[in-house]
Amino acid sequence: MNPRNSRQFGRWKAALIGSALLLALPSAMPAAATTAPGASAASGQEQFRKLYLGSAWYPEQWPEERWAEDLRLMQAHGANVVRIGEFAWSAMEPTEGAYDLGWLVRAVRLAAKYDIKVVIGTPTDTPPAWMTQKYPEVLRIDGDGKRLGHGGRRQFSISDPHYRPLSREIVSRMAQALGHEPNVIGWQIGNEYTDESYDPAAKAGWIDWLKDRYGTLDKLNDAWTTQYWSQTYSDWNQVPFNTEKGNPGLMLEQKRYITGQWVAFQKNQIDAIRAHALPAQFITTNLGGLGWANRFDRYAINRDLDFASWDNYVGTGHLQPYRNGASHDLVRGWKRKNFWVMEIQPGFVNWAPVSNMLYPGETRAMAWQAIGHGADGILYWQWRNALNGQETMHGSILGPDGKPLPVYDEVVRIGREMARATPVLAGTAPVSPVAILQDYPSRWTIDFQPHHKDYDQIGVLLDYYAPLKDALGSVDIVEADGPLDRYKLVVAPNLAILTPDMTARLSAFVKAGGHLILGPRSGQRDAYDRLQPRRQPGPLADLLGGQVEQFYALDEPVAVGTGTARIWAEDLTAKAPDTQVLLRYGKANGWLDGHAAALTRQVGKGRITYVGALIDPDLMKTLIDDALKGAGVARDFAVPADVELMTRQGDGRSIVILINHGKEARSVTLPETMTDILEGGTKQAVTLGAEGVAVLQRGTDK
Ligand code: GLA
């Protein structure tokens with residue numbers, strides 16, 4: 001195959017743009033997963049029938065005689081899965097068109113002898129040197145217009161029409177070689193999608209995407225209000241495409257277009273795999289960035305995958321239970337089902353400002369926290385560090401001598417415990433009556449114009465999450481554009497953009513008896529990032545029976561209710577007679593004195609509440625506790641400070657996982673006798689030391 005063949009380029013260009021069009025309109029984003037050819041219902045199920053533990057292994061970096069010893073040591077710590085291949089393009093295709101996949105097949109078959117299943121990574125994160133030399137166009141161009149060189153990774157262009165067929169060809173070859181290997185359970189596409197490209201093909205695709213979305217430049221000029229600063233475009237090619245801070249309307253659309261580029265880049269490989277592989281082999285990808293990264297829309301990426309995966313790293317310091325737990329919940333929400341942690345740190349990383357070791361027991365606590373939030377697979381990065389390369393200082397399980405490092409014993413314990421817990425945990429998942437809504441376009445627009453340097457959207461979400469999590473074993477974090485009927489209480493902390501579809505869904509939720517809580521900045525903008533012509537919450541103002549008169553970035557705290565607001569405060573007015581003031585500012589900045597900070601209104605059996613300020617944790621706890629009570633959400637049993645309660649249900653079983661994230665021992669009184677899965681026996685109370693974990697099954701006294 002010659003990627004320079006111009007007829008093929010034409011076909012690829014059409015495919016590129018065609019896939020991008022799936023994302024053309026926010027309302028046109030498909031809600032259901034696209035079923036790839038050859039996929040069946042069986043695909044992507046096996047990984048939920050047991051818990052998987054393993055690591056990333058790079059057999060191409062070691063003599064083949066060594067592989068058996070690696071696999072033996074993996075099996076000895078309880079590993080039952082390994083991920084291989086994701087950076088090994090130069091070993092799979094050492095020169096153009098000369099493939100060597102035999103070593104991969106041999107590694108897969110050898111792993112089978114040790115009862116270790118294999119996830120195959122496609123190597124498109126690291127194009128080989130012969131390729132970047134011969135086809136320099138595959139190297140991406142950054143937002144400043146500079147083309148990247150060889151020697152690192154992520155230097156490829158997701159949009160370049162040469163790179164798509166080259167990627168498709170290697171992945172097809174891999175799928176032909178491995179798609180029917182019984183020991184291969186699934187595939188990971190690429191690795192930690194990150195950087196888009198600003199090359200000529202990407203720019204041409206952008207212009208075509210805009211033409212398709214808007215039809216005429218008049219419509220585009222109108223949506224972006226280009227009369228402002230004389231931006232009016234009279235030719236499509238005048239529209240910029242770069243990373244400069246430009247018109248927010250343009251920047252929002254650019255995010256959607258780039259999301260579409262990633263979706264198409266990924267779909268190209270999914271189709272190659274599905275054309276040859278057994279339907280039972282799952283397809284996922286590992287999204288990085290501590291879960292909250294938002295360069296592109298993660299919901300869109302996950303629609304074509306069987307399940308979501310992410311890479312859970314702490315970096316400097318120690319596990320932050322709420323932030324990390326919420327990241328797991330966010331990832332579970334990408335597909336609304338259990339997920340895998342495709343990479344987790346074995347003690348420490350190499351890229352943080354201080355790449356410190358976790359405390360003894362904390363590596364184990366991290367694994368159990370992931371499982372408690374819905375992970376069914378956990379893989380360490382990495383098994384053994386290469387003897388050279390950019391990551392020789394990273395935490396690993398084996399040392400340069402090929403023998404276990406101190407963390408190995410903790411990994412052995414995790415393996416033993418996961419094997420013990422598999423029979424009760426397989427088929428269970430976190431289930432919650434409460435959801436927090438998350439929306440990438442809203443995140444982007446607040447990022448574009450934050451208005452206060454300390455306005456941290458994830459922090460705002462966590463302000464709501466923490467008291468909800470304290471009350472419940474499980475909290476969902478889901479897409480603002482999805483179904484809400486299973487929830488009693490829904491919180492939208494940062495929903496700055498409200499589309500007509502979202503407005504209809506949220507209104508229907510309230511009218512059907514749910515309680516909706518909106519946070520500050522809600523409903524300020526439309527899908528094009530335009531200010532709504534109605535005051536906040538824009539299209540939901542009528543349902544609320546009230547509106548925001550003015551928002552204020554705070555340079556000093558203001559009194560609100562029995563507490564304090566910081567960073568942000570909005571002045572609210574009730575407009576309907578039955579809309580009540582829930583919170584009032586005290587003596588504040590003059591503008592806010594005595595005015596409403598939060599409104600609430602009963603609508604049939606439902607309720608809508610608007611909270612216009614960023615309030616302190618005590619006040620938030622009162623607000624959330626009242627909301628849970630009002631919405632009829634039963635609290636789970638109480639646990640002491642530092643102890644996290646997580647729950648999973650399914651297959652008629654109800655599982656409780658407890659972790660003591662603190663340094664002092666804690667005793668937890670259980671509300672009923674439970675079976676202790678890790679230690680055996682039944683318990684009415686458990687004592688957890690620092691980083692202690694208990695896995696318990698309810699219902700054993702019945
Ligand atoms: C990322 C990558 C891995 C490795 C780790 C190191 O998650 O996917 O290849 O570089 O970081 O922490």
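Heads up: numbering here begins at 1 and tracks the sequence. Each ligand, and each atom within it, is numbered from 1 in the order the structure gives.
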For residues W187 and F282, establish whether the separation of their ring centroids is below 6.0 Å. no

Whether K146 engages the ring of Y198 as a cation-pi pair (distance to the six-membered ring centre under 6.0 angstrom, angle to the ring normal within 45°) should be assessed. no

Looking only at heavy atoms, is any part of R154 under 4.0 Å from ligand 1, and if so is it the side chain, the backbone, or both, or is it neither? neither

If you take the centroid of each ring, where Trp contributes its six-membered ring, are W310 and H328 closer together than 6.0 Å? yes

Report the nearest protein non-hydrogen atom to atom 2 (C) of ligand 1: residue, atom name, distance rounded to 0.1 Å. E343 OE1, 3.3 Å

So is R153 touching ligand 1 or not, going by heavy atoms under 4.0 Å? yes

Does W351, backbone or side chain, put an N or O under 3.5 Å from an N or O of ligand 1? yes

Could you tell me, atom by atom, which parts of ligand 1 come under 4.0 Å of a heavy atom of F87? 9 (O)

For Y163 and F156, I'd like to know if the aromatic rings sit close, meaning centre-to-centre distance below 6.0 Å. yes

For N191, the atoms of ligand 1 under 4.0 Å from one of its heavy atoms are 2 (C), 8 (O), 9 (O)

Numbered atoms and elements of ligand 1 in range of H394, under 4.0 angstrom, heavy atoms: 6 (C), 12 (O)

With distance as the sole criterion, is a donor-acceptor pair present between the side chains of E93 and W89 under 3.5 Å? yes

For residues Y257 and W262, establish whether the separation of their ring centroids is below 6.0 Å. no

Atoms in ligand 1 flagged as close to D311, the criterion being non-hydrogen separation under 4.0 Å: 7 (O), 8 (O)

Side chain, backbone, both or neither: E86 near ligand 1, heavy atoms under 4.0 Å: neither

Charged tip of R83 within 45° of W57 ring normal and under 6.0 Å: no

Region of Q345 engaging ligand 1 - heavy atom pairs below 4.0 Å: neither

Pair F339 and H373, ring centroids less than 6.0 Å apart: no

Does NZ or CZ of R303 lie under 6.0 Å from the centre of the six-membered ring of Y299, at an angle within 45° of the ring axis? no

Number the atoms of ligand 1 from 1 as they appear, then name those within less than 4.0 Å of a heavy atom of E391, with their elements. 4 (C), 5 (C), 6 (C), 10 (O)

Counting from 1, what ligand 1 atoms have a heavy atom of E192 closer than 4.0 Å? 1 (C), 2 (C), 7 (O), 8 (O)

Nearest non-hydrogen protein atom to atom 5 (C) of ligand 1, with distance, is Y313 OH, 3.4 Å

